[in-house]
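Only one structure is covered here, and it is reproduced in the block below.
On a predicted model such as this, the values are computed, not experimentally measured, just so you know. Heavy-atom basis, side chains included; hydrogens, waters and symmetry copies ignored.
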Amino acid sequence: MRAARTSDVPFIEALVEPLVQQRILLGKDLVVFYEAVQEFRIAEDDETGRPIGCGALHVMWEDLAEVRTLAVAAEWLGHGVGRAILNRIEADAVQLGLKRLFCLTFEVPFFERNGYLPIGEDVVDPRVFAELARSSDEGVAEFLDLSRVKPNTLGNTRMLKIIA
């Protein structure tokens with residue numbers, strides 16, 4: 001597992017695009033991947049060094065971050081790659097002093113097996129909600145369950161894990 005480089009962005013885009021077409025992941029413009037490259041971790045095949053999965057950690061507040069764009073190449077599904085990426089993201093979150101991790105997902109059983117629970121509303125106090133609502137980041141809007149993102153998130157489950 002390693003930090004992503006700008007040269008990994010085409011891999012990330014190619015890996016994510018079929019999942020966007022299947023409405024498993026939300027689509028992002030290429031520029032968004034470049035802007036967030038430092039948030040990504042890349043899993044590699046130990047034998048070939050070829051990238052086989054990715055995931056990102058996006059800090060949202062002093063104690064809160066989102067697991068984003070967790071994806072694994074189809075031929076590597078079921079081999080523990082997703083769990084390894086998630087473990088690395090969680091370790092990075094602990095190093096940053098975060099206490100809660102959020103995800104918006106269709107992969108509910110995977111996240112439940114890893115300690116995430118579905119959440120409702122009111123997961124932050126009103127003062128923090130007001131601050132977060134100022135963000136132009138779509139992921140923050142998804143966390144807050146704002147009406148402007150509802151058409152993009154229909155059927156997804158909002159989940160949270162306490163990590164510290």
Side-chain angles (χ1 to χ4, degrees), residues 1-17 19-20 24-46 48-73 76-119 123-125 128-129 131-132 134-144 153 156-164:
M1 193 76 53
R2 63 171 173 77
R5 301 181 282 260
T6 56
S7 60
D8 292 313
V9 170
F11 161 75
I12 294 168
E13 181 186 43
L15 180 64
V16 167
E17 185 55 31
L19 300 171
V20 170
I24 294 170
L25 290 177
L26 299 176
K28 293 181 174 73
D29 292 325
L30 187 58
V31 67
V32 173
F33 290 129
Y34 280 110
E35 289 173 341
V37 72
Q38 71 279 0
E39 299 178 354
F40 276 87
R41 296 292 176 254
I42 300 293
E44 296 177 315
D45 178 335
D46 289 335
T48 66
R50 183 177 63 89
I52 57 173
C54 68
L57 175 69
H58 180 77
V59 175
M60 296 166 61
W61 197 248
E62 67 181 330
D63 68 334
L64 176 68
E66 181 183 4
V67 175
R68 289 188 173 177
T69 320
L70 181 57
V72 175
W76 285 91
L77 291 173
H79 290 90
V81 177
R83 183 179 305 255
I85 295 167
L86 187 59
N87 288 343
R88 173 60 186 268
I89 288 170
E90 290 177 359
D92 291 346
V94 169
Q95 279 191 313
L96 288 170
L98 299 165
K99 295 181 178 14
R100 300 180 298 163
L101 284 176
F102 163 75
C103 67
L104 178 71
T105 186
F106 286 110
E107 301 296 334
V108 173
F110 170 81
F111 281 97
E112 283 180 332
R113 286 191 306 273
N114 287 282
Y116 290 73
L117 298 171
I119 57 172
V123 291
V124 293
D125 69 50
V128 174
F129 184 97
E131 289 292 328
L132 288 173
R134 294 180 180 153
S135 174
S136 60
D137 186 277
E138 291 298 300
V140 174
E142 292 158 358
F143 172 74
L144 296 175
T153 62
N156 284 3
T157 300
R158 298 163 65 239
M159 302 184 81
L160 193 72
K161 180 178 183 178
I162 306 300
I163 58 172

Just verifying a value: how many Å separate [X] [atom1] and [Y] [atom2], rounded to the nearest 0.5 Å?
X      : Y      : atom1 : atom2 : answer
Leu160 : Phe111 : CG    : CZ    : 12.0 Å
Leu86  : Arg113 : CG    : CZ    : 11.0 Å
Ile162 : Leu101 : CD1   : CG    : 9.0 Å
Asn114 : Glu107 : CG    : CD    : 12.0 Å
Leu57  : Gln95  : CG    : CD    : 10.5 Å
Leu70  : Ile24  : CG    : CD1   : 12.0 Å

Heavy-atom distance under 4.5 Å between the side chains of [X] and [Y], does that happen here?
X      : Y      : value
Leu117 : Glu112 : no
Arg100 : Ile163 : no
Arg5   : Val37  : no
Asp45  : Trp76  : yes
Ile119 : Phe102 : yes
Tyr116 : Val67  : yes

State whether Glu44 and Arg2 are salt-bridged, where the test is any N-O pair (Lys NZ or Arg NE/NH1/NH2 against Asp/Glu carboxylate O) under 4.0 Å.
yes

Just by distance, no angles: are the side chains of His58 and Glu39 close enough, under 3.5 Å, to form a donor-acceptor pair?
yes

Taking all heavy atoms of [X] and all of [Y], pick out the closest pair and write down the distance.
X      : Y      : value
Gly55  : Ile89  : C-CD1, 3.6 Å
Cys54  : Ile42  : CB-CD1, 3.9 Å
Asp63  : Leu98  : C-CD2, 3.7 Å
Asp8   : Pro51  : OD1-CG, 4.3 Å
Val72  : Leu15  : C-CD1, 3.7 Å
Thr157 : Pro118 : CG2-CB, 4.1 Å

Can you run down the side chain to side chain donor-acceptor pair (under 3.5 Å) pairs that involve residues 25-35, sequence neighbours left out, and say none if there aren't any?
Lys28-Thr69

What residues, two or more places apart in sequence or in another chain, satisfy salt bridge (Lys or Arg N to Asp or Glu O under 4.0 Å) together with Lys161?
Glu90

Of all residues at least two apart in sequence or in a different chain, which pass the side-chain contact (heavy atoms from CB on, under 4.5 Å) check with Glu17?
Val20, Gln21

